[in-house]
Amino acid sequence: MVMVAQAFKDNDKKHYAAIAVAMVPPVADYMYSQITGALSLANLQTAIQVSGFIHRASLGFYPTTQYAIGYLVIAILAFIFHAGRTSWFKAVEVFEYV
């Protein structure tokens with residue numbers, strides 16, 4: 001949390017969106033490790049630990065699974081952001097490099 005607070009404190013407001021996007025993987029990893037740690041203390045296992053999702057040989061295309069729906073939602077969001085890139089994200093034409 002200190003890293004997130006410092007990132008927002010030390011950067012200009014025009015970079016807040018990039019900071020928020022950059023913080024998603026570390027925060028997700030932190031949450032994953034906390035959840036799996038708590039579940040292992042309670043003698044429970046997560047779906048990835050039980051099914052071996054990443055290393056499963058019989059992995060196929062199942063469009064109604066939570067993974068496929070998640071990919072579809074992200075693809076739709078990416079398309080919406082791409083469609084509105086000219087009107088929503090006005091960038092400064094002159095960049096200040098140090």
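Interatomic distance, CG of Leu72 versus CD1 of Ile76, reported as 4.0 Å (0.5 Å rounding). Expressed to the nearest 0.5 Å, how far CD1 of Ile74 lies from CZ of Phe79 amounts to 15.5 Å.
Residues that satisfy the side chain to side chain donor-acceptor pair (under 3.5 Å) test with Asp10, not counting sequence neighbours, are Gln6. Residues meeting the side-chain contact (heavy atoms from CB on, under 4.5 Å) test with Val73, sequence neighbours left out: Ile69, Leu77.
Closest non-hydrogen pair, Tyr16 versus Phe8, comes out as OH-O, 3.2 Å.
Legend: side-chain hydrogen bond (donor to acceptor under 3.5 Å, both in side chains) pairs involving residues 74-84, not counting sequence neighbours, sorted by first then second residue: His82-Arg85.
Looking only at distances, no side-chain donor or acceptor of Asp29 sits under 3.5 Å from a matching main-chain atom of Pro25.
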